[in-house]
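Working notes for the structure below.
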Amino acid sequence: MIGCRHPFIKFRPEIFGFATLMILICHAVSIVPLPNNISIIVSYGGMGVNIFLFMSGIGLYYSLKRNGNIIDFYIRRAIRLIVPYLLIAGVWYGLKYLVIENNFLLFIYELSLLSFWIEHKGAWYVAALIPLYLIYPFIFKWLDRGREELKIDSIIFALIIFMILLSMINEHLYNHLSQIIVGMISFFIGTIVAKKIRNNAQSSFINLFLFGIVIFIVKTLSSLKNISWLSDLAYGFLSISIIFVFVFIIKFFNKSIKRILVKLGEMSLESYLFNIFLIQAVNYWGNIFLGNQTFSYRLFLYLMIINLGIFLSFYCRKGINRLLNI
């Protein structure tokens, strides 16, 4: 299939690895006391989540085009998402709530991800993916009946209208759900791109790249930055534009860097989970780990969190693959 030669497909593992690095850098603000300007720049690493979702939109479209069996789809998604989450989150929440605090209800509350939907706590990315994975096969079946682009455009338009209305009606709820809404828009844009790649109709992609750049610049240099939904939407579109830049410059990377990115991409979910839960552990035992307030100490501490998380992610993914014989 000619579409598989497209850089988004060819460099998919490296793109996931790059997005993983962005997330790990972004989370530094939880531990390291960065100057405000630098903190703002580092926080843009959060775009990695939109990159994940955009690429997932491409991947799931291709997956269901190859094999439309919904049961197989759910099994693959459970192995890739639910098993690592339950294993990694279960160990941390088990230690925190069952061993230390002896509170079974809080253990279930956190592990079930109810804590995100009620209090915006925990692995929000996993909380967003579970309902998306549940409904996407049915959306795909609907799309596959014809007029795919029109239907996807309608979904994206509906999500944007929902963003606007929610930001006007309930700002608190909007702030709670804005990351997910922008992520869903990125996901469905990825679905459109997947269809075009599969049909080898790639000429319009430059418009997508330019749109993300232009809308972000216009927002940043004008009073539009004070409009929350537009600012968040520009953030999401810029995330997609960054992928175009990455697939251009990766051609100049040496093989060692590409291999590192591929390895990170293969364990992107595990590294995200270990990272957020190790940060939770450090903050939970703050008196032990965060007593020293110097910048160099906290930077060193966060580098240790990153390295430990990657180390654990590698063996966790390896163990799950061996256990499930995949």
Side-chain angles (χ1 to χ4, degrees), residues 16 19-20 23-24 26-27 30 46-57 59-60 70 73-139 159 162-163 166 170 172-188 232 236 267-284 305 309 312-313 316-317 320 324:
F16 271 91
T20 300
I23 295 297
L24 295 179
C26 168
H27 287 170
S30 302
M47 291 180 179
V49 176
N50 293 321
I51 293 174
F52 283 146
L53 286 163
F54 173 84
M55 295 302 299
S56 294
L60 296 194
I70 294 178
F73 176 87
Y74 285 148
I75 290 172
R76 289 195 299 272
R77 300 288 81 74
I79 289 172
R80 189 64 190 94
L81 178 69
I82 305 299
V83 172
Y85 171 73
L86 290 178
L87 178 63
I88 298 168
V91 169
W92 164 239
Y93 290 137
L95 174 63
K96 181 179 178 181
Y97 293 119
L98 299 182
V99 177
I100 299 174
E101 299 186 13
N102 193 27
N103 193 323
F104 180 74
L105 288 179
L106 276 179
F107 170 75
I108 296 299
Y109 176 67
E110 292 271 21
L111 188 65
S112 67
L113 294 165
L114 280 173
S115 57
F116 168 75
W117 296 110
I118 295 174
E119 297 183 70
H120 203 83
K121 292 168 54 180
W124 78 266
Y125 178 64
V126 177
L129 282 183
I130 291 174
L132 176 63
Y133 284 174
L134 286 173
I135 66 172
Y136 184 70
F138 301 100
I139 294 176
L159 286 169
F162 178 66
M163 278 183 73
L166 188 61
N170 190 327
H172 175 74
L173 184 59
Y174 172 79
N175 291 333
H176 176 52
L177 297 177
S178 60
Q179 288 176 304
I180 292 179
I181 300 170
V182 173
M184 294 306 98
I185 292 170
S186 300
F187 175 87
F188 283 107
D232 292 336
M267 53 188 183
S268 57
L269 176 67
E270 291 81 6
S271 63
Y272 159 76
L273 291 171
F274 274 116
N275 186 256
I276 63 171
F277 292 132
L278 285 170
I279 289 173
Q280 283 190 26
V282 166
N283 286 318
Y284 184 71
I305 289 173
L312 294 172
S313 298
C316 179
R317 173 45 46 191
I320 291 173
L324 299 173

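None of these values were measured; they are calculated from a predicted model. The first residue in the sequence is number 1, and the count goes up from there.
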Can you confirm whether [X] sits close enough to [Y] that some side-chain heavy atom of one is under 4.5 Å from a side-chain heavy atom of the other?
X      : Y      : answer
Met267 : Phe16  : no
Gln280 : Tyr284 : no
Phe104 : Ile108 : yes
Ile82  : Ile130 : yes
Asp232 : Tyr174 : yes
Leu53  : Tyr125 : yes
Leu177 : Trp117 : yes
Leu273 : Val126 : yes

To the nearest 0.5 Å, tell me how far [X] [atom1] sits from [Y] [atom2].
X      : Y      : atom1 : atom2 : value
Leu129 : Leu60  : CG    : CG    : 8.5 Å
Leu278 : Asn283 : CG    : CG    : 11.0 Å
Leu269 : Cys316 : CG    : SG    : 9.0 Å
Ile118 : Leu113 : CD1   : CG    : 11.0 Å
Trp124 : Ile276 : CH2   : CD1   : 10.5 Å
Gln179 : His120 : CD    : NE2   : 5.0 Å

If I compare all heavy atoms of [X] with all of [Y], which pair ends up nearest, and what's the gap?
X      : Y      : value
Met163 : Ile181 : CG-CG2, 3.1 Å
Pro84  : Arg317 : CG-NH2, 3.4 Å
Gly183 : Asn50  : CA-OD1, 3.6 Å
Gly122 : Tyr93  : CA-OH, 4.0 Å
Gly236 : Ser186 : O-OG, 4.2 Å
Thr20  : Ser268 : OG1-CB, 3.1 Å

- [ ] Answer yes or no: is there an ion pair linking Glu110 with Lys121, defined by an N-O contact shorter than 4.0 Å?
- [x] yes
Open item on the list: Does the structure place the NZ or CZ of Arg76 under 6.0 Å from the centre of the six-membered ring of Phe73, at an angle of no more than 45° from the ring's axis?
Closed with: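 No, a cation-pi geometry is absent between Arg76 and Phe73.
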Do the rings of [X] and [Y] sit parallel, tilted or perpendicular, given the 30° and 60° boundaries?
X      : Y      : result
Tyr136 : Phe187 : perpendicular
Phe277 : Tyr85  : tilted
His27  : Tyr272 : tilted

Task: Ser271 backbone acceptor or donor facing Asn275 side chain under 3.5 Å - done: no
Open item on the list: Between Ser313 (side chain only) and Glu270 (backbone N and O only), is there a donor and an acceptor less than 3.5 Å apart?
Closed with: yes
TODO: For the pair Phe188 and Ile139, evaluate side-chain contact (heavy atoms from CB on, under 4.5 Å) and give the outcome as yes or no after the intermediate values.
DONE: CA-CA 11 Å; Phe188 283 107; Ile139 294 176; 4.0 Å; yes
Open item on the list: side-chain contact (heavy atoms from CB on, under 4.5 Å), that's the test. Do Leu134 and Tyr74 meet it? Break it down for me.
Closed with: CA-CA 8 Å; Leu134 286 173; Tyr74 285 148; 4.3 Å; yes
Open item on the list: Can you confirm whether the side chains of Tyr109 and Glu119 place a donor and an acceptor under 3.5 Å from each other?
Closed with: yes
